[in-house]
Amino acid sequence: MSALKMLGILLVIAGAAALVYHGFSYTRESHATRIGPVELSVKNKQTVDIPTWAGVGAIAIGALLLLSGGRKG
């Protein structure tokens, strides 16, 4: 399997996931303080939204790579 076909498959899968989930979130620890035996920390939940056009674009580019990846010359 060529590298272009692999990249095309990955783009189609990533684009479909972007359309289904619309983004992802992660937790980041921002402050940590220790006062004697007590430890305090603040965790912030960050959300990253993926626009619909980015998911559709990834699927379209992946499909183009799959269709043109097998041609020689």
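By convention here, the first residue in the shown sequence is residue 1. As a basis for the values below, the full set of heavy atoms in this structure was taken, side chains included, without hydrogen atoms, waters or symmetry mates.
- Between L65 and L11, the closest side-chain pair of non-hydrogen atoms falls below 4.5 Å.
- Side-chain contact between T47 and Y26 is absent, with no heavy atoms from C-beta onward closer than 4.5 Å.
- Using a 4.5 Å heavy-atom cutoff, the side chains of L19 and I50 are not in contact.
- Here the straight-line distance linking atom NE2 of H22 with atom OG1 of T52 works out to 6.0 Å at 0.5 Å rounding.
- Smallest separation of non-hydrogen atoms from A58 and G15: CB-CA, 3.9 Å.
- Here the closest heavy-atom approach between residue N44 and residue S30 is recorded as ND2-OG, 3.3 Å.
- Note that OG of S41 and CZ of R34 are 11.5 Å apart. Values are rounded to the nearest 0.5 Å.
- Rounded to the nearest 0.5 angstrom, L66 CG and I61 CD1 are separated by 12.0 Å.
- To the nearest 0.5 Å, atom CD1 of residue I9 and atom CG of residue L4 are 11.5 Å apart.
- Closest non-hydrogen pair, G55 versus A18, comes out as CA-CB, 4.0 Å.
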